[in-house]
Each structure stands twice: as structure tokens, then as C-alpha cells.
Number of protein chains: 4
Amino acid sequence: MLYKYLKEQVYEANMEIPKEELAIVTFGNVSGIDRSAGVIAIKPSGVPYRKLKVEDIVIVDLDNVLVEGNMRPSSDTKTHTLLYRNFPSIGGVCHTHSTYAVAWSQAGMSIPNLGTTHADHLVAPVPVTDVMTDEMIQGDYEHETGNQILDLFNRLCLSPEEVEMVLVACHGPFTWGKDPGKAVYNAVVLEEIAKMAYLTMQINPEVTSIKQSLIDKHFFRKHGKDAYYGQSNC
Amino acid sequence: MLYKYLKEQVYEANMEIPKEELAIVTFGNVSGIDRSAGVIAIKPSGVPYRKLKVEDIVIVDLDNVLVEGNMRPSSDTKTHTLLYRNFPSIGGVCHTHSTYAVAWSQAGMSIPNLGTTHADHLVAPVPVTDVMTDEMIQGDYEHETGNQILDLFNRLCLSPEEVEMVLVACHGPFTWGKDPGKAVYNAVVLEEIAKMAYLTMQINPEVTSIKQSLIDKHFFRKHGKDAYYGQSNC
Amino acid sequence: MLYKYLKEQVYEANMEIPKEELAIVTFGNVSGIDRSAGVIAIKPSGVPYRKLKVEDIVIVDLDNVLVEGNMRPSSDTKTHTLLYRNFPSIGGVCHTHSTYAVAWSQAGMSIPNLGTTHADHLVAPVPVTDVMTDEMIQGDYEHETGNQILDLFNRLCLSPEEVEMVLVACHGPFTWGKDPGKAVYNAVVLEEIAKMAYLTMQINPEVTSIKQSLIDKHFFRKHGKDAYYGQSNC
Amino acid sequence: MLYKYLKEQVYEANMEIPKEELAIVTFGNVSGIDRSAGVIAIKPSGVPYRKLKVEDIVIVDLDNVLVEGNMRPSSDTKTHTLLYRNFPSIGGVCHTHSTYAVAWSQAGMSIPNLGTTHADHLVAPVPVTDVMTDEMIQGDYEHETGNQILDLFNRLCLSPEEVEMVLVACHGPFTWGKDPGKAVYNAVVLEEIAKMAYLTMQINPEVTSIKQSLIDKHFFRKHGKDAYYGQSNC
């Protein structure tokens with residue numbers, strides 16, 4: 001089996017989706033990249049997690065050409081490859097239909113930064129894309145989904161290292177990270193902060209973003225050169 | 001044991017109901033049809049899932065006459081048989097009392113198409129029947145429940161192949177599909193989109209259906225001759 | 001061990017509480033009665049379910065006098081015995097702090113009959129008691145809790161055979177049935193209809209009780225001489 | 001291994017956090033104190049519960065100086081030690097990011113005492129701190145978090161024996177108790193009453209605190225010299 005290590009890593013990351021209850025049945029997909037080989041490994045399209053095996057993971061190159069595998073890759077593959085091509089520091093991408101993150105996506109609203117659970121992970125609200133035009137939808141849809149994400153990050157001057165998650169309007173979340181496991185970790189965190197923000201707004205609809213000093217404190221105790229959260233060898 | 005294969009298939013599909021948490025205690029029932037033999041297999045009435053065995057599954061014909069089995073069939077049997085007689089392409093029917101789908105049924109509201117999770121599965125809102133008249137309720141109730149579904153599909157010009165789910169007002173969901181497993185799959189999906197739509201409306205009460213181009217894109221990437229989601233051999 | 005059978009039955013029914021997630025830690029209690037012996041078996045006070053053993057179950061008589069056991073009976077024992085003395089047909093009583101039923105109790109509102117899941121089990125709304133007076137609270141509190149339930153049933157002309165559940169205002173639910181297992185079954189059903197009613201009211205605050213003909217249809221297909229739900233030998 | 005007993009006790013208490021679903025991934029931490037030795041044991045920073053081992057537990061003294069261990073202690077350690085220094089009767093402290101308690105913290109609202117589940121555990125609302133000033137956040141942040149709690153308790157004249165839980169605004173809950181296990185028990189109870197209060201306010205936004213006589217009745221049947229809940233040898 002070619003790309004054995006990459007396939008195993010991506011398989012394990014995909015199996016976190018049902019384990020963490022981030023999607024039902026066949027929904028969602030995780031990929032990982034081998035940048036030296038110029039290929040990604042990704043879940044095959046429409047295969048239930050219960051039946052997924054390591055050898056089912058599909059290898060495609062960054063132009064979406066099949067390199068290895070007996071199955072069709074995820075229908076969202078073009079969104080993944082566009083992100084890898086434009087965010088050179090990322091090593092894994094995760095797409096789920098987790099319930100609360102989807103609800104915010106369907107509501108067309110970014111998730112405000114309402115507390116330290118959110119601030120521990122990103123300095124900004126979780127951004128939401130615009131609704132796509134009919135032309136984009138009827139064109140190369142999954143490629144345009146990636147474009148919507150890139151345009152949003154450009155427009156808001158967001159860095160993919162500091163904001164590792166996004167909501168695609170009317171659809172659901174994409175997350176990424178240094179490797180496939182971190183991409184899924186971010187999907188778990190996103191679902192939790194989406195639920196917390198939902199409940200907070202129900203309890204107190206007047207609430208607004210926490211203050212900038214608290215956002216910075218929490219983000220930078222976990223990230224950057226002065227971080228003191230976690231173990232240095234982690 | 002007669003109809004062994006059909007009973008096993010229907011037993012397995014029924015056991016998905018507690019596993020997927022689609023109903024508590026004894027609620028819900030799944031059936032499957034053998035069209036060449038003109039019989040259906042269905043859960044016996046009021047038996048807890050914990051105690052259900054393959055040999056408990058009851059065989060009745062399409063006129064609701066008992067063909068094989070020691071137990072009384074589900075009290076909802078007449079609804080199932082009416083659907084099989086009128087929807088010739090379906091192979092399985094599932095009825096649950098899943099919490100969010102019941103809430104929309106009790107609210108008497110169809111579930112609007114608010115995102116791609118919904119659009120992946122059906123082009124329309126999940127339709128809801130009218131409340132039955134007193135005469136229908138006091139008459140052949142379970143048969144009339146089926147009639148309400150048929151009338152609704154006729155009135156809205158819905159195809160049972162394109163819309164495999166319905167909410168019976170004040171009651172709960174019925175779903176169907178090419179076989180009993182697909183009927184339960186649709187019940188799982190319905191519960192998830194019912195929950196997502198609930199949360200979306202709580203976050204943003206102004207939200208309305210997504211645009212037609214997006215509905216079509218997602219539905220037809222999974223269904224019909226140009227579908228490219230999933231594996232062709234699935 | 002005296003009353004071995006009764007203790008085992010009550011132990012099993014108590015262990016359904018954590019299994020069905022009807023209460024956390026030590027909350028909740030189930031009892032059962034041996035009417036010929038004039039005693040009840042009940043959970044000991046404050047013992048976590050994880051540590052509960054059959055031999056911990058306490059036997060008291062209907063005047064709340066300890067008959068057998070090394071532990072103190074549930075602090076709610078006097079509520080149980082008052083119900084047994086006044087509802088001669090019941091064989092088991094269950095008290096939980098299940099989340100949605102408690103929320104309706106704390107809201108001081110009865111649960112309206114919004115659908116067939118509710119109507120399958122009772123013809124009325126789930127009734128809620130008045131808030132107790134200071135005198136009752138400072139007096140024989142647990143005995144007065146039982147009195148509140150009896151007064152409510154008298155005032156509303158409810159039969160404990162037709163309505164096997166009640167909400168005590170500011171507190172939580174009590175349910176009962178022909179035996180301890182049925183009492184817990186009713187607690188499971190109550191929690192589910194409390195959740196369904198909550199969600200229904202959030203989706204459509206205008207919704208009101210379903211029509212009487214539908215209530216009667218569902219209740220009497222499960223109860224009484226013309227019932228046709230379930231197996232006659234159940 | 002030094003402090004073996006304390007490490008084991010703290011390890012077990014930490015492992016209750018994922019088991020009781022009080023936090024995801026690495027969030028949350030529990031500590032315990034050996035007052036005669038003047039040290040506490042606490043979870044290492046950023047270690048996932050899945051990988052946590054007894055020997056990873058870190059020992060620090062009450063001035064936050066590392067005494068034993070190969071890992072960095074929780075980033076919240078200074079909050080823990082400040083509580084131990086000022087609340088001499090407590091033996092364990094627990095911090096979680098449990099969903100409903102965080103939502104109330106993010107909403108900046110104390111949890112009103114709406115029923116007996118709450119009153120069984122504390123006589124007051126669950127108090128919430130003020131939002132910290134920028135100076136406190138940019139200063140010795142985790143120490144100031146403890147100061148916010150102490151100031152709140154002083155201002156409201158609350159006793160840490162009678163109120164064993166607090167919400168830190170924009171952040172989440174801290175709980176404590178006579179030992180680490182009791183601190184986690186209180187975190188479990190807090191999450192449940194936070195959820196119950198949330199649902200109650202959604203059902204009936206007009207609801208207010210239950211009457212004082214009921215609060216006193218429930219609290220003092222579980223606490224103090226006249227308590228009659230539980231087993232005297234517990």
C-alpha cells in the first residue's frame with residue numbers, strides 16, 4: 001500500500017468524526033497532505049463510517065487527479081485541495097455537519113467571541129461566508145466553496161494560522177490545522193463553542209463580545225512565543 | 001421459519017431505532033415488503049426493543065390479514081400497507097417518535113429547507129399533514145393516517161421517490177425508502193435536519209429557505225443520472 | 001433476607017433511573033409495595049446508584065416505621081406511603097429529578113397534551129401542584145408533598161389509574177403504576193413528553209392541546225376493554 | 001512516588017470530568033490538598049484525559065512552586081492555590097468548561113434558585129463574578145481570577161462551606177468541597193441546575209426564585225446538625 005502512513009493518519013482522523021458525534025451516517029470528511037509528494041489522502045465519497053477501512057482512503061494530487069485508490073474521493077475534495085494550495089502551513093482539513101455549527105451556518109451568522117473557551121482558540125469571531133451566487137453554485141461548486149472561504153479570509157484580513165475554522169453559509173463548518181488530528185480537534189472545539197454561544201444568546205440576548213484584553217490573554221497563553229499553557233514537548 | 005430473510009432484514013432495521021435513539025421504550029416500528037409474495041414484515045405491537053427477537057416479526061398481506069406470526073402486528077400496520085399499495089417503488093417504511101421531528105409535527109409546521117444537509121436529501125420542505133377530522137379519527141384511524149399522507153403528496157404534487165419523509169400533524173414522522181434500512185436511514189436524517197432547523201430558527205428567526213439553485217445542486221449531486229456523490233457500486 | 005423478591009424488584013427499578021438518565025448522582029428513588037404484608041421497599045437515602053446493592057433496599061410499613069434494613073430510607077418515604085394509602089390500585093412509585101420534567105415543575109406549569117405520544121399515556125395535561133404554603137413546608141414536609149398531590153387529583157377529579165404522573169411545583173415529578181417497573185416506565189415517558197412539549201412551544205408558541213377525539217383515540221387504543229395496542233398476554 | 005495517595009485521589013477526580021461530560025479534550029482540572037504537607041496535587045497543563053496517567057499529576061506548594069513532577073501544572077494553578085489559602089476548610093477544587101454553566105458565565109448572570117435540586121445544594125443563587133478590569137487581565141491573570149472569586153464572596157457575605165460553586169464571568173465554573181471527589185460532584189450538580197434553570201426560563205420567563213422557606217427546608221434537610229438526608233455514616 002502506497003502512502004500507508006498518510007492513509008492511516010487520515011483514517012484515524014476520520015473515525016474521530018462519529019466518535020465525537022460531529023456528523024451522522026456518511027456526512028463529513030477529513031484529509032491530510034504529504035507536501036513533499038504533492039498529494040492528499042481523503043475519505044471516499046458516501047461511505048458510512050461503520051464500514052470505512054484504511055485501504056478505502058483515496059489519494060489525489062493537488063489538481064484533484066486520482067493517484068491511488070479504488071473508490072471515488074469525497075465530493076468535497078476540490079474544497080480541500082484549494083485550501084491546501086492557498087494555506088501553505090496547514091497539514092489537515094476537516095469538514096463536518098456538526099449540529100450547532102451547522103445551525104449558525106444556516107442562520108448566516110458568525111459566532112461571536114463570548115468567552116474564554118472561544119478565546120483560547122481564536123482571536124476573532126468564527127467567520128461565516130456570504131451565500132454563493134447562482135453562477136458559483138451552478139459552476140464548479142466545490143471549488144467555489146473554497147473560493148468563498150479564501151475571499152472571506154482576504155476580506156477580513158484573517159490568518160489561517162490564527163483562525164483555523166470557518167462557517168460556509170447554508171452549509172456547515174470547515175476546520176484545519178497542522179495535521180489531520182488537529183483539524184478534527186478544531187471541529188470538536190468549534191461545535192462546543194457554537195453550542196455555548198447558542199445557549200448564551202438564549203439566556204441573555206444582549207450579550208456582546210468579551211473585551212479585547214481577555215481575548216488576547218487567553219489566545220496568547222496558548223499560542224506564540226510567550227505561551228505557557230500545555231507542555232513544551234507537546 | 002417462513003420469510004426468514006425478510007424477517008431478519010426487518011428485525012435489523014427495527015433494532016436501529018433504539019441504537020440511533022429515534023424512540024424510547026416500545027415506540028416506533030419498521031416494515032419491509034416482499035412484493036412478489038405480496039406480504040410485509042413488521043414489528044409486533046408494543047414489544048420493547050430490549051426483548052424483540054427475529055421470530056417475533058409478524059407477516060401480514062397488503063389487506064392487513066395475518067399470514068404468519070404469533071403476535072399482533074404493530075397498531076400502525078394499516079398506515080404501512082396503504083403506503084406500500086400507493087407508492088409502488090418503496091421497499092421499507094419506518095415510523096418513529098424521534099424528539100425533534102415530533103416537535104415539528106406537534107407544532108403543525110413543515111420543516112423549511114435551511115441548508116445543504118436538508119437539500120442533500122430532499123428538494124422540498126419536509127411536509128406536514130393537516131390535522132385529521134373527528135370523523136377520520138373515530139373511523140378507521142390508522143388507515144386514515146395513511147390517507148392523510150397520500151392526500152398531502154397529491155395536493156403538493158410530491159413524488160415519494162424525491163420526498164421520502166413526512167410529518168403527521170400532532171403525531172410524528174413516517175419515512176420510507178427502497179428497503180427497510182433506507183427507511184430508517186431517512187428517519188435518522190430527518191431527526192437531524194429537524195434539530196438543525198429548530199436551532200437555526202432560534203438563532204435567527206428571520207431565516208428563510210435557501211435558494212433554489214443550491215437545493216438543486218445538492219439534491220442532484222446525490223440523486224439522478226448526473227449524481228457524483230458516493231460510489232457507483234453502492 | 002426478608003422480602004427478597006420485593007427488594008430485588010425495587011432494586012432493579014431503581015437501577016433504571018441512572019440507565020435511563022432520569023437523575024444524576026443520588027437523586028431519585030423508586031419504591032414497591034407488598035399489600036398483603038403491608039410494607040413497602042424503597043431506596044435508602046443519599047446512596048449513589050453506583051454503590052447501591054439489593055440488600056441496601058429498606059423495608060418500612062405504611063406508617064413509615066422501619067421494618068427491615070440497615071440504612072435510613074429515602075427522605076421522600078412519607079410521600080410514597082401517603083400515595084400508597086390513598087391510591088389503592090398502585091404497586092410502585094417513582095420520584096426523579098429528570099431535567100425537562102423538573103423544568104416544567106420549576107416553571108409551575110402543567111404540560112399540555114400536544115400530541116399522540118402524550119395521548120398514548122394520559123388523557124389530561126400532566127398536572128402541576130400549587131406551591132406549598134410556608135406552614136406546610138415547615139411542618140411535615142414530605143407528608144405534605146403527598147397531600148399536595150392528593151388535593152390536586154381531588155380538585156381536578158383525576159383518577160390515579162388514568163393519570164399516573166404529576167409535577168410537584170418547584171420540585172419535580174412523581175410517577176406510579178401497577179408495579180415499580182411501570183412507575184419508572186412512566187418516568188421515562190414523562191421526561192420524553194416534557195422535552196417534546198418544550199420544543200414544540202419553542203417552535204410554535206401558539207400551539208394548544210390536540211383535539212379531544214385524538215386524545216381519546218390514542219388513549220383507548222392502549223387502555224381499557226377495547227384496547228388493541230400491544231399483546232393481550234403482556 | 002511521593003504523595004502517592006494524593007496523586008491517585010486527584011487522578012481519579014480528574015477522570016470524572018470526561019466521564020461526566022463536564023469538558024471536552026483537555027479542558028478543566030481538579031486539584032486536592034494535603035494541608036499537613038502544605039502541597040496540592042493538580043492536573044498537568046493541556047494533557048488530554050485519554051492520555052492522563054497517575055504519575056503525570058503535579059505537586060506544587062501553596063506559593064505555586066513545583067515540588068514534584070515532570071510536567072507543567074495546570075495554567076489555572078494560581079486560582080486553585082489562592083482558594084486553598086483563603087478557604088481553609090476545603091480539600092479539593094474543580095474547574096470545568098461544562099456547557100450550561102459556561103453559558104450562564106458568558107451571559108454574566110447568576111443562576112437563580114428555581115427549585116429543590118438547587119436548594120438541596122446551596123441557599124443562594126450560584127453567584128457570578130464581575131468582568132475583570134484590563135489591569136487584572138494583563139497582570140497576574142490566574143491569581144486575579146481567584147481574587148475575583150474571593151471579592152465576590154466577601155461582598156455577598158457568602159460562606160465557602162454553604163456555597164461551594166461560583167461562575168467566573170466570561171469564563172466558566174469553579175467548584176470545591178471537602179475533597180477532590182466532592183469538588184467534582186459539585187461540578188456535576190452545578191451543570192445540572194444550570195441546565196434546569198436554562199430550560200425553566202425558556203418555558204416561563206416570568207419565574208423567580210422559590211420561597212425562602214423551601215430553600216431552607218431543602219438545604220437543612222441535607223446540611224447541618226438537623227440533617228436527615230443520607231446515611232449518618234456517609
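Nothing here was measured: the structure is a model prediction, and the numbers come from that model. Lettering of chains follows the sequences in order, A, B, ..., and the numbering in each one begins at 1.
Among the residues in residues 18-27 of chain A, those with a non-hydrogen atom closer than 4.5 angstrom to a non-hydrogen atom of chain D are A:Lys19, A:Glu20.
For the pair A:Leu52/A:Pro44, a side-chain contact is recorded, criterion being any heavy-atom separation below 4.5 Å from C-beta on. Under the 4.5 Å side-chain criterion, counting only non-hydrogen atoms from C-beta, D:His95 is not in contact with D:Leu83. The shortest distance between side-chain heavy atoms of A:Phe153 and A:Asn86 does not fall below 4.5 Å. Using a 4.5 Å heavy-atom cutoff, the side chains of A:Thr175 and A:Thr96 are not in contact.
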Acceptor/donor pairs from residues 125-133 of chain D side chains to any protein atom, 3.5 angstrom cut, sequence neighbours excluded:
residue: D:Thr129; atom: OG1; partner: D:Ala169; partner atom: N; Å: 2.9
residue: D:Thr133; atom: OG1; partner: D:Met136; partner atom: N; Å: 3.1

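A distance-only check finds a donor-acceptor pair linking the side chain of D:Glu191 to the backbone of D:Tyr100 [under 3.5 Å].
Heavy atoms closer than 4.5 Å to chain A are found in the side chain of D:Glu142, but not in its backbone. Using a 4.5 Å cut-off between heavy atoms, A:Ile210 contacts chain D through its side chain alone, with no backbone atom that close. Heavy atoms of D:Gln138 lying under 4.5 Å from chain A belong exclusively to its side chain.
By number of non-hydrogen pairs under 4.5 angstrom with chain D, the leading residue of A:Asp216, A:Ile193, A:Val207, A:Leu214 is A:Leu214. Of the listed residues A:Glu206, A:Lys195, A:Lys211, the one with more heavy-atom pairs under 4.5 angstrom with chain D than any other is A:Lys211. Chain D forms the most heavy-atom pairs under 4.5 Å with one residue out of A:Lys222, A:Glu16, A:His118, and that residue is A:Glu16. Counting heavy-atom pairs closer than 4.5 Å to chain A, the top-ranked of the candidates D:Pro205, D:Ala107, D:Gly108, D:Ala197 is D:Ala107. In terms of heavy-atom pairs under 4.5 angstrom with chain A, the leader among D:Ser74, D:Pro73, D:Gly172, D:Cys170 is D:Cys170.
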| task | Decide yes or no on side chain to side chain donor-acceptor pair (under 3.5 Å) for A:Asn29 and A:His80, but give the supporting numbers first. | result | CA-CA 10 Å; A:Asn29 40 73; A:His80 290 245; 2.7 Å; yes

| request: Would you sort out whether D:Thr81 and D:Asp63 count as a side-chain contact (heavy atoms from CB on, under 4.5 Å), showing the intermediate values? | output: CA-CA 7 Å; D:Thr81 51; D:Asp63 295 316; over 6 Å; no

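Put simply, NZ on A:Lys43 and OG1 on A:Thr77 are 10.5 Å apart, with the number rounded to the nearest 0.5 Å. Interatomic distance, A:Ile111 CD1 to A:Met201 CE, rounded to the nearest 0.5 Å: 11.0 Å.
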